[in-house]
Amino acid sequence: MTTDFSRTKKLFHMPQGMIYLDGNSLGPLPLAAKARVAGMLTAEWGDQLIKGWNSAGWMMQPRRIGDRIGKLIGAAEGTIVMGDTLSIKVHQALASALELKPKRRVVLSDNGNFPSDLYIARGLLKSLDRGYTLEIVEPEEVEAAIGDHVAVLMLTEVDYRTGRLHDMKALTEKAHAAGVLTVWDLAHSAGAIPVDLTGAKADFAVGCTYKYLNGGPGAPAFIYVAPKHQDSARPALSGWLGHEAPFAFDLDYRPGAGIDRMRVGTPPIIALAALDAALDAWDGVDMADLRRVSVALTTLFIDEIEKRCPELVLNSPRDAAKRGSQVSFRHPQGYAVMQALIARGLIGDFRAPDSIRFGFTPLYIGEAEVRAAVGIIEDVLTRRLWDAPEYHRKALVT
Ligand SMILES: *Cc1c(COP(=O)(O)O)cnc(C)c1O
């Protein structure tokens, strides 16, 4: 192992007394982001004002940072661009992919996909109004459901609830054999597991950067388009910054070259500065090392919980090779249990109907935190500490 995770741990702010197993939902603050954003605000926005688009390189940030993310997920330079939210990027990728398959009318996905991806797909298909259907199957049935009636296979690689991991390479290969294009959502993959978009021959991919990549709440999303599709994929959200010559201010739209056409409007420069600083933490991190530690931590957690908390039922694949970097357990009072854990300083989250979910992030979480977390969970369950009225009141965000 070459990665020094004691070094990366020091790069994050972790509040005293908190055990944070929710980096799969919102990564912690990278210390470098504070200075980077402050510097950007004063030296760039403050002193350079509109000149910053050129002099501080703002206009190139979505591409430059896209390339940095590309290194973590096996994407070549010039295949990723940043902007908007993940839901928007799902729309863009699916719309472009569908247009590349004009004779087919089915989008195939699974019921482990994140609802927003499915909502976006439904909305898009309705707007297109050409008889499209969204076919949703069980995750285990996806492979068998691929056929030459399908236009696009749209999947999230790691299930947000259970952590179940799809075989991206095998499913993409099967899809291509049937003439199907693929859209992969990497929300719970980028920064969580090794990803090789090039090797898997993925057509389109999208992901967010506020989860395992620690870019901060609402950090901009990314979109990947394989080189072979870049000049044929028509951008459905044809904004001015995806135009071939935005500052020609033509009345007609001509898509820009390559991945630039997936840009839409003005990029969020302050948020990109925070994300850029967050990505520094990945310099020198070997994704194979990350995976090894992640598997060790999730395995330890499952083993210890099953030994000490028999009332929790594993809701993640037992085989480490088939799960990402998160683990969930079921409990009929899952919501209250999680509130009681949070009150004790152990942060995870709850996913309806009955799952308590924990993310394992080797950059800043190690064996000591996992063992301490198990101790708290055991205590909360054996003493039924969750059974108090204040833990049953639902908050806006769970
Ligand atoms: C987190 C997540 C989203 C969230 O989308 P936003 O537009 O960033 O709110 C979408 N899809 C998946 C698979 C996710 O895990």
Side-chain angles (χ1 to χ4, degrees), residues 1-31 72 158 162-165 188-194 211-214 278 281-329 331 337-338 340-349 355-382 385:
M1 193 163 93
T2 55
T3 307
D4 179 3
F5 290 110
S6 62
R7 178 193 71 84
T8 57
K9 186 173 182 173
K10 294 195 193 92
L11 301 175
F12 294 91
H13 171 73
M14 200 46 78
Q16 203 71 39
M18 183 186 282
I19 300 175
Y20 196 67
L21 299 186
D22 213 0
N24 52 310
S25 257
L26 176 67
L29 172 68
L31 295 170
L72 302 175
V158 177
T162 64
R164 189 252 330 111
L165 174 63
H188 295 279
S189 309
I193 56 171
K211 294 173 180 163
Y212 292 88
L213 295 177
N214 314 307
W282 294 94
D283 291 344
V285 173
D286 179 333
M287 294 310 275
D289 290 341
L290 183 96
R291 179 63 174 162
R292 208 172 305 123
V293 175
S294 155
V295 165
L297 295 179
T298 55
T299 303
L300 173 70
F301 184 70
I302 292 171
D303 289 351
E304 289 297 306
I305 289 289
E306 291 197 320
K307 229 183 287 167
R308 292 159 61 178
C309 311
E311 63 190 288
L312 291 179
V313 178
L314 183 64
N315 192 27
S316 294
R318 194 171 294 282
D319 177 359
K322 293 200 165 70
R323 65 173 185 258
S325 203
Q326 65 202 44
V327 172
S328 65
F329 282 93
H331 186 284
V337 169
M338 183 51 73
L341 296 177
I342 292 171
R344 292 282 303 270
L346 170 58
I347 315 294
D349 54 26
S355 277
I356 52 175
R357 183 178 74 155
F358 304 92
F360 297 84
T361 47
L363 287 198
Y364 51 88
I365 291 295
E367 190 181 323
E369 286 84 2
V370 173
R371 291 194 183 277
V374 173
I376 293 172
I377 298 169
E378 182 181 26
D379 196 39
V380 161
L381 289 174
T382 51
L385 297 178

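Every heavy atom of this structure was used, including side-chain atoms; hydrogens, water molecules and symmetry mates were not.
- Ring geometry for Phe360 against Phe301 counts as tilted: the plane angle lies between 30° and 60°, on a 0 to 90° scale.
- Between the Glu378 side chain and the Gly375 main chain, no donor and acceptor come within less than 3.5 Å of each other.
- The side chain to side chain donor-acceptor pair (under 3.5 Å) test applied to Thr298 returns Arg323, not counting sequence neighbours.
- Across all their heavy atoms, Ala320 and Val295 have their closest contact at CB-CG1, 3.6 Å.
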Exercise for review: Please report the C-alpha distance between Arg371 and Leu300 in whole Å, then the side-chain angles of each, then the deciding distance to 0.1 Å, and finally whether the side chain to side chain contact (heavy atoms under 4.5 Å, CB included) criterion is met.
Suggested key: CA-CA 8 Å; Arg371 291 194 183 277; Leu300 173 70; 3.5 Å; yes

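- Nearest heavy-atom pair across Val293 and Pro362 is CG1-CB, 3.7 Å.
- Side-chain contact between Leu381 and His331 is present, with heavy atoms from C-beta onward closer than 4.5 Å.
- Contact of the Leu363 side chain with the Tyr212 side chain is not registered, since no non-hydrogen atoms from C-beta on lie closer than 4.5 Å.
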Donor-acceptor pairs are to be reported for all side-chain atoms of residues 11-24 against protein atoms at under 3.5 Å, with residues two or more places apart or in another chain.
residue: Tyr20; atom: OH; partner: Leu26; partner atom: O; Å: 2.6
residue: Asn24; atom: OD1; partner: Gly359; partner atom: N; Å: 3.4

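- What you find for Ser355 and Asn315 is that their closest heavy atoms are OG-ND2, 2.7 Å.
- Within the 4.5 Å cutoff, no side-chain heavy atoms of Ile305 are placed close to those of Val327.
- In terms of heavy atoms, Pro317 sits closest to Ile302 at O-CD1, 4.5 Å.
- Summarising the geometry, atom CG belonging to Leu385 is positioned 6.5 Å from atom CZ belonging to Arg344; distances are rounded to the nearest 0.5 Å.
- Residues Leu314 and Phe329 meet the side-chain proximity criterion, which asks for heavy atoms closer than 4.5 Å.
- Glu367 has its side chain out of reach of Val370: every pair of non-hydrogen atoms, C-beta onward, lies at least 4.5 Å apart.
- With rounding to the nearest 0.5 angstrom, the CG atom of Asp286 is 4.5 Å from the OG1 atom of Thr2.
- Contact detail for Leu31 and Lys10: the closest heavy-atom pair is CD1-O, 3.4 Å.
- A donor-acceptor contact shorter than 3.5 Å links the side chain of Thr8 to the backbone of Phe5.
- Of the possible polar contacts, none joining the Thr3 side chain to the Val285 backbone as a donor-acceptor pair under 3.5 Å is found.
- Side-chain contact between Ile377 and Leu312 is present, with at least one heavy-atom pair separated by less than 4.5 Å.
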**Study point:** Stepwise side chain to side chain contact (heavy atoms under 4.5 Å, CB included) test for Lys211 and Gln326
**Key:** CA-CA 12 Å; Lys211 294 173 180 163; Gln326 65 202 44; over 6 Å; no

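- Note that CG of Asp319 is 13.0 Å distant from CZ of Arg164, once rounded to the nearest 0.5 Å.
- Across all their heavy atoms, Ser294 and Gly324 have their closest contact at OG-O, 4.4 Å.
- Under a 4.0 Å N-O distance rule, the pair Asp4/Arg7 does not qualify as a salt bridge.
- Residues Leu341 and Phe358 are in side-chain contact: their nearest non-hydrogen atoms beyond the backbone lie under 4.5 Å apart.
- To the nearest 0.5 angstrom, Leu165 atom CG is 10.5 Å from Ser325 atom OG.
- Going from atom SG of Cys309 over to atom CD of Glu304 covers 9.5 Å, rounded to the nearest 0.5 Å.
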